[in-house]
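Please read all numbers here as calculations on a predicted model, not as lab measurements. Any value given below was found using the heavy atoms of this structure, including those in side chains, with hydrogens, waters and symmetry copies removed. Just so it is clear: chains get the letters A, B, ... in the order the sequence lines come, proteins before strands, and each one is counted from 1.
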Amino acid sequence: MNLLIPPNFRTHFAELFRQAANAITTVDPTLRIELARTKQAIHGDYSCNLAMQLAKTLHKNPREIAQSLVDHLPDSPYIEKTEVAGAGFINIFLKNAAKQHYLTFVLRSKDMFGTSNVGGGKRIQVEFVSANPTGPLHVGHGRGAAIGASLSNILTAAGYAVSREFYVNDAGRQMDILTLSTWLRYLDLNSIEIPFPSNAYQGDYVKVMAGLIHQAHGQRYVHQPESLLQDLPIATNGETDDTDERLDQLIANAKKILGQDYAYIHNFVLTEQLGDCRNDLMEFGVEFDTWFSEQSLFDNGLVAHTIQLLDKKHFLYQQDGATWFRSTRFGDEKDRVVQRENGQFTYFASDIAYHLNKFERGFDLVINIWGADHHGYIPRVKGALQALGLDPARLEIALVQFAVLYRNGKKASMSTRAGEFVTLRELRQEVGKDAARFFYVMRKSDQHLDFDLDLATSQSNENPVYYVQYAHARVCSVLSQWEGDRADLVDAGMAALTTAAELALLQKIIDYPDVIEIAAKELSPHLIAFYLRELASEFHSYYNSTRFLVPDTSIQHARLALIASIQQILSNGLRLLGVNAPDKM
RNA sequence: GUGCCCGUAGCUCAAUUGGAUAGAGCACCAGCCUUCUAAGCUGGGGGUUACAGGUUCGAUCCCUGUCGGGCAUGCCA
């Protein structure tokens, strides 16, 4: 047996079972042979349910088939014994030596342990956050950021070539509203008071940007503000006249009044907000390879081109002056407008162009991480891809449910308009980057997340992230007090690791690459968080029951090799989640 | 009204996607520091997996219905 590089035991055994199955019957080559980790030690380390799967077609007793499979199973140097159990499970017991020797592999692999090539270098794009650059990121964006970044790291570890992308919505009405809001605040600084619409952006950051413009350019952008209020729809019922129509007319007037200067302010606020966003995310440990501008799709004519393509394929029609896409042909509940009566393309139109562009860039798989409120949007986007002749299965959409903040046992309000939402930056300051990153991926992403600020702050010692980090720090502490050379541990004899706790820890270590593989396949970063907590738990228990710095060097080295391996995995796993692994706490 | 998602211990959540006796953390109770970090450990009680049927060797998972919750149903982005 090759002692240097042990196999992935699950795929290794699956292959053996396939050979055994072929020996007793003709097996469908597409049949997936599943090896599962057992929950209980008496069932061994891995179990296979192949006999039960074959029972139907063979019309035989599953236990009988299981015994036959075991009889035909090729020899493996890693198997201690096999047993037929229960309804027809085949349980595999690994040799202790195989488990023990695995530590050498872990310690040799170091930072690379856990990585694999199951992705085969396939190109994947992960698009996430993609928040409108119209204000600070809030805690909802934070969850998308944490999940997207962790998932990207996991996919990279699993052997995919990952590209992280942020789609910048710099072309739409929201940006115009922000531009107008900023200009109004700027006029206010120049002692020109115009009633501030309640449906414009209220946040203080708007005043800050207005101040920056005022500071740099003085009165440069004060233009005939008196005509701003021309042609506004008349309020019909009292003061609550801040309608969308009114806001749009204000924007139109501002564009007319400002002329070229409108573009300056628009560009200024965009640059400011994007810069703030990028900075915020960087401090959160989240970085992107590409910031893709929506506006560029218009500038390059890609939106018009894409709509023409759809038209050529006869998926468009005119009605009520607008242009519609026949998304009902692809399972959507109604057709969707791509070009409005006024000639403007809709957001959907540019989004089709964007997704076409993604695939034209050569990605094998495209993953969008969206807020769950966008779920109704999926059929039309996939439909558009199909209409363009692309396989919609190459677009995978991971929905992330909202994070609901709780403070003092009550829901914290997150109304943007009232300006009282909690920003990601505030959250980071309150609970710290590590706790926030870990907390965000502690739940399955398609589950609602209750983010208890009181638990994450005042009782921060009970936060799970400290539990994992503490395990890492404890190992570091032991190793630093040991007077030896870490390199000596790599080839230490591991035969002394024979207790139930030690063998269970060894198996847990062996599981790590599988966890990454499954987390990548299922797009489920939370599996890493759960695994790390379990590993830390088993370590803490072991720590309390066993001394490491014992006189007998063969025992000492074996145990230190074990905990050094644990430390390596904790460090590697936390890195995937964007969490620090401190040496001291 | 219609569509999608969800309902698991007092609370917050898992369960290798159909596997063996459904698991953790909080919270509660009782213990463990003169010895490598007590942000830790050990033990204990806690469940008809919302409810009722169905499919099969086997169901928290799949199907049907009922009840309850969330989201979506723009020529917004």
Which pair of non-hydrogen atoms, one from [X] and one from [Y], has the smallest distance, and what is that distance?
{"X": "A/Leu58", "Y": "A/Thr25", "value": "CD2-OG1, 3.7 Å"}
{"X": "A/Val579", "Y": "A/Arg437", "value": "CG2-CB, 4.0 Å"}
{"X": "A/Ala529", "Y": "A/Val441", "value": "CB-O, 3.9 Å"}

Nearest-Å distance, [atom1] ([X]) to [atom2] ([N])?
{"X": "A/Met442", "N": "B/rA14", "atom1": "CE", "atom2": "P", "answer": "9 Å"}
{"X": "A/Arg443", "N": "B/rA14", "atom1": "CZ", "atom2": "P", "answer": "7 Å"}
{"X": "A/Ile92", "N": "B/rA20", "atom1": "CD1", "atom2": "C1'", "answer": "16 Å"}
{"X": "A/Glu34", "N": "B/rG18", "atom1": "CD", "atom2": "P", "answer": "9 Å"}
{"X": "A/Asn199", "N": "B/rC76", "atom1": "CG", "atom2": "C1'", "answer": "13 Å"}
{"X": "A/His43", "N": "B/rU16", "atom1": "NE2", "atom2": "P", "answer": "17 Å"}
{"X": "A/Tyr467", "N": "B/rA39", "atom1": "OH", "atom2": "C1'", "answer": "11 Å"}
{"X": "A/Phe13", "N": "B/rU16", "atom1": "CZ", "atom2": "C1'", "answer": "17 Å"}

Looking at the side chain of [X], which of [options] is the nearest nucleotide?
{"X": "A/Lys334", "options": "B/rC57, B/rA77, B/rG74", "value": "B/rG74"}
{"X": "A/Phe530", "options": "B/rC13, B/rC41, B/rC36", "value": "B/rC13"}
{"X": "A/His526", "options": "B/rU37, B/rA14, B/rA20", "value": "B/rA14"}
{"X": "A/Ala85", "options": "B/rA20, B/rA38, B/rC41", "value": "B/rA20"}
{"X": "A/Arg32", "options": "B/rU37, B/rA77, B/rU17", "value": "B/rU17"}
{"X": "A/Tyr470", "options": "B/rG19, B/rU37, B/rA15", "value": "B/rU37"}
{"X": "A/Arg173", "options": "B/rC76, B/rU16, B/rA39", "value": "B/rC76"}

On RNA chain B, does the nearest nucleotide to A/Ala322 precede the nearest nucleotide to A/Arg547 from the 5' side, or the other way round? Give the residue.
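Residue closer to the 5' terminus by nearest nucleotide: A/Arg547.
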Reading RNA chain B from 5' onward, which residue's closest nucleotide shows up sooner: A/Arg10 or A/Gly321?
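The 5'-side residue here is A/Arg10.
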Centroid separation under 6.0 Å, is that true for the rings of [Y] and [X]?
{"X": "A/Tyr354", "Y": "A/Tyr167", "value": "yes"}
{"X": "A/Tyr512", "Y": "A/Tyr531", "value": "yes"}
{"X": "A/Phe128", "Y": "A/Trp370", "value": "no"}
{"X": "A/Phe330", "Y": "A/Phe315", "value": "yes"}

Determine the contact category for [X]: base if any of its heavy atoms lies under 4.0 Å from a base atom, sugar-phosphate if only primed atoms, P, OP1 or OP2 are that close, otherwise nothing.
{"X": "A/Ser477", "value": "base"}
{"X": "A/Thr546", "value": "base"}
{"X": "A/Leu549", "value": "base"}
{"X": "A/His374", "value": "base"}
{"X": "A/Asp170", "value": "nothing"}
{"X": "A/Asn91", "value": "base"}
{"X": "A/Ser545", "value": "nothing"}
{"X": "A/Phe348", "value": "nothing"}

I'd like to know if the side chain of A/Gln249 and the backbone of A/Arg246 have a donor-acceptor N/O pair within less than 3.5 Å.
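Not confirmed, A/Gln249 side chain does not pair with A/Arg246 backbone.
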Give me the residues of residues 48-60 of chain A where at least one heavy atom lies under 4.0 Å from an atom of RNA chain B, by number, or none.
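Only A/Asn49, A/Met52 qualify.
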Short of 4.0 Å, heavy atom to strand atom, which residues of residues 336-345 of chain A count as contacting RNA chain B?
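When residues 336-345 of chain A is checked for heavy atoms under 4.0 Å from RNA chain B, the hits, listed by number, are A/Val337, A/Arg340, A/Glu341.
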Side chain to side chain, [X] and [Y], heavy atoms closer than 4.5 Å:
{"X": "A/Met442", "Y": "A/His526", "result": "no"}
{"X": "A/Gln339", "Y": "A/Thr346", "result": "no"}
{"X": "A/Gln40", "Y": "A/Ile42", "result": "yes"}

Since syn is defined as within 90° of 0, does B/rC33 count as syn or as anti?
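With its glycosidic angle within 90° of zero, B/rC33 counts as syn.
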Is B/rU12 in the syn range, within 90° of 0, or in the anti range?
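It is anti.
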For residues 546-562 of chain A, which residue pairs pass the side chain to side chain donor-acceptor pair (under 3.5 Å) check, not counting sequence neighbours?
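Every side chain to side chain donor-acceptor pair (under 3.5 Å) pair that includes a residue of residues 546-562 of chain A, provided the two are not neighbours, is A/Trp482-A/Gln556, A/Asp552-A/Ser554.
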Taking 4.0 Å as the cut-off, does a side-chain nitrogen or oxygen of [X] come that near to OP1 or OP2 on [N]?
{"X": "A/Gln481", "N": "B/rU37", "value": "yes"}
{"X": "A/Arg533", "N": "B/rC13", "value": "no"}
{"X": "A/Lys521", "N": "B/rU17", "value": "no"}

Answer yes or no for A/Arg474 and A/Tyr543: cation-pi contact, defined as NZ/CZ to six-membered ring centre under 6.0 Å and angle to ring axis within 45°.
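Yes; both conditions hold, so A/Arg474 lies above the ring face of A/Tyr543.
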In terms of side-chain geometry, is the basic nitrogen of [X] or [Y] positioned less than 4.0 Å from the acidic oxygen of its partner?
{"X": "A/Lys358", "Y": "A/Glu127", "value": "yes"}
{"X": "A/Lys99", "Y": "A/Asp45", "value": "yes"}
{"X": "A/Asp351", "Y": "A/Arg380", "value": "no"}

Within the modelled atom types, does a donor on one side and an acceptor on the other bring the side chain of A/Thr346 and the base of B/rA77 under 3.5 Å apart?
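No.
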Side-chain donor/acceptor contact of A/Glu522 with base of B/rU17 under 3.5 Å
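Donor-acceptor pair under 3.5 Å: yes.
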Would you measure the distance from the [atom1] atom in [N] across to the matching atom in [M] and give it in whole Å?
{"N": "B/rG54", "M": "B/rG47", "atom1": "C1'", "answer": "24 Å"}
{"N": "B/rU16", "M": "B/rG69", "atom1": "C1'", "answer": "29 Å"}
{"N": "B/rA59", "M": "B/rG3", "atom1": "P", "answer": "29 Å"}
{"N": "B/rA14", "M": "B/rU60", "atom1": "C1'", "answer": "11 Å"}

Show, in sequence, the C-alpha distance, side-chain angles and deciding distance for A/His266 and A/Asp170, and conclude whether the side chain to side chain donor-acceptor pair (under 3.5 Å) test is met.
CA-CA 9 Å; A/His266 185 282; A/Asp170 52 0; over 6 Å; no
So what is the 5' to 3' dot-bracket string for RNA chain B, if pairs are Watson-Crick or G-U wobble with both distances under 3.5 Å, crossing pairs use [ ] and | means the partner sits on another strand?
(((((((..((((.....[...)))).(((((.......))))).....(((((..]....))))))))))))....
Taking salt bridge (charged side-chain N to carboxylate O under 4.0 Å, His left out) as the test, write out the residues that go with A/Asp244, two or more places apart.
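By the salt bridge (charged side-chain N to carboxylate O under 4.0 Å, His left out) rule, A/Asp244 matches A/Arg173.
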Identify all pairs in which a protein N or O lies below 3.5 Å from an N or O of nucleotides 2-9 of chain B, and state each distance.
residue	atom	partner	partner atom	Å
B/rG3	N2	A/His375	NE2	3.1

